[in-house]
Amino acid sequence: MLIVEDHPSMVLVIQEMLTEIVGKTELSSVLNLQELQRTTPNSVDIVVFDLNMPGSSAEEVLKETSSRFPMSRRICFTADDRESTQALVAEHGALFLSKSLAYKDLITKIQGYLGSNVVSTDIDLKRNDFQSLIQAPGATKPLTLKQVSVLNLVTEGKTSKEIARELSMSPDTVRAHIKGAFDRLGTSNRSAAVQVFLQAKKLAERIHGSEALC
């Protein structure tokens with residue numbers, strides 16, 4: 001994956017977003033058109049690029065990405081959301097994404113373009129007395145509220161007995177919730193579960209808002 005973007009903070013945002021969709025992959029980034037021209041096209045499957053690059057016009061960036069990476073899936077992620085710009089990007093066979101889009105909409109559009117459905121952005125998914133809105137990428141079901149309550153304490157390093165006392169459960173019930181959480185997170189130990197859980201919480205908040213963490 002190649003990111004053509006001159007703002008390091010935005011590179012991190014793009015990397016995090018695409019990692020949630022396609023998983024961890026080899027990534028490189030370039031800051032300008034000159035660095036882009038030195039990139040080897042054969043190793044790049046996805047190119048995410050901004051049109052507003054220092055010292056280059058939007059047309060030059062589009063022409064270079066299109067001619068240099070004709071077999072790559074190209075995503076234009078820019079703040080210039082004029083209709084003329086969108087039409088120009090479409091003419092070059094790339095997906096247009098405005099930086100003003102909500103995170104959920106960005107995920108939905110990228111997954112549609114890549115033919116993926118790893119991250120659930122189901123607007124019909126509702127928090128209820130049993131089900132949370134926290135769902136790991138690739139998981140078929142979100143965590144239950146009980147599992148979330150237990151995992152929140154697991155992230156604090158508490159033992160099953162300590163969690164049981166705090167939540168007024170038996171240690172066996174706590175362990176059952178942890179095992180169920182492992183299954184839904186696709187993990188097999190506490191350390192991995194905590195990592196995936198924290199990532200899933202962040203993703204849920206971005207997609208569903210603060211309600212996801214209530």
Side-chain angles (χ1 to χ4, degrees), residues 1-123 125 133 137 199-212:
M1 180 167 59
L2 175 67
I3 299 175
V4 186
E5 171 63 62
D6 62 327
H7 292 95
S9 59
M10 188 56 66
V11 171
L12 291 175
V13 169
I14 295 170
Q15 179 182 0
E16 188 174 79
M17 182 166 53
L18 285 175
T19 298
E20 288 166 348
I21 297 173
V22 303
K24 291 184 178 180
T25 184
E26 184 176 346
L27 179 142
S28 59
S29 62
V30 297
L31 300 174
N32 53 53
L33 196 62
Q34 290 69 39
E35 290 184 9
L36 177 63
Q37 291 168 339
R38 294 194 292 269
T39 303
T40 303
N42 293 339
S43 61
V44 178
D45 56 346
I46 300 174
V47 181
V48 183
F49 61 94
D50 191 357
L51 293 177
N52 301 315
M53 301 299 293
S56 305
S57 68
E59 289 78 4
E60 288 174 327
V61 175
L62 273 169
K63 181 179 179 181
E64 187 64 30
T65 54
S66 299
S67 61
R68 195 165 187 78
F69 307 100
M71 303 305 293
S72 303
R73 289 169 289 185
R74 287 166 280 121
I75 301 172
C76 175
F77 189 41
T78 183
D80 182 358
D81 55 5
R82 292 174 296 177
E83 290 186 5
S84 58
T85 301
Q86 296 182 42
L88 187 62
V89 171
E91 287 176 10
H92 283 78
L95 172 67
F96 176 88
L97 291 178
S98 171
K99 288 183 178 179
S100 64
L101 281 175
Y103 194 84
K104 177 175 68 177
D105 295 330
L106 289 172
I107 292 288
T108 299
K109 287 181 178 294
I110 292 173
Q111 289 195 141
Y113 180 64
L114 299 180
S116 171
N117 192 32
V118 172
V119 179
S120 174
T121 57
D122 186 359
I123 60 173
L125 181 63
L133 294 173
Q199 293 171 344
K201 281 182 68 175
K202 182 189 293 185
L203 180 60
E205 184 177 19
R206 286 176 170 173
I207 292 175
H208 301 289
S210 58
E211 178 190 358

Counterpart residues, side chain to side chain contact (heavy atoms under 4.5 Å, CB included), relative to [X] (two or more places apart):
| X | answer |
| --- | --- |
| D81 | Q86, F96, S98, S100 |
| Y113 | R73, I75, L95 |
| S28 | L2 |
| S84 | R82 |

Got [X] and [Y] here, is their nearest side-chain heavy-atom distance under 4.5 Å?
| X | Y | answer |
| --- | --- | --- |
| I46 | T25 | no |
| D6 | N32 | no |
| S116 | V22 | no |

Query raised in the report: For residues 47-61, which residue pairs qualify under salt bridge (charged side-chain N to carboxylate O under 4.0 Å, His left out), counting only residues two or more places apart or in two chains?
Result: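 Listed by first then second residue: D50-K99.
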
How would you list, by chain and number, every residue that makes a side chain to side chain donor-acceptor pair (under 3.5 Å) with [X], sequence neighbours excluded?
| X | result |
| --- | --- |
| K109 | none |
| H92 | none |
| T85 | D80 |
| E20 | Y103 |

Name every donor-acceptor pair, under 3.5 Å, that has one atom in a side chain of residues 33-40 and the other anywhere in the protein, sequence neighbours excluded.
| unit_1 | atom_1 | unit_2 | atom_2 | d |
| --- | --- | --- | --- | --- |
| E35 | OE1 | L31 | N | 3.0 |
| T39 | OG1 | E35 | O | 3.3 |
| T39 | OG1 | L36 | O | 3.2 |

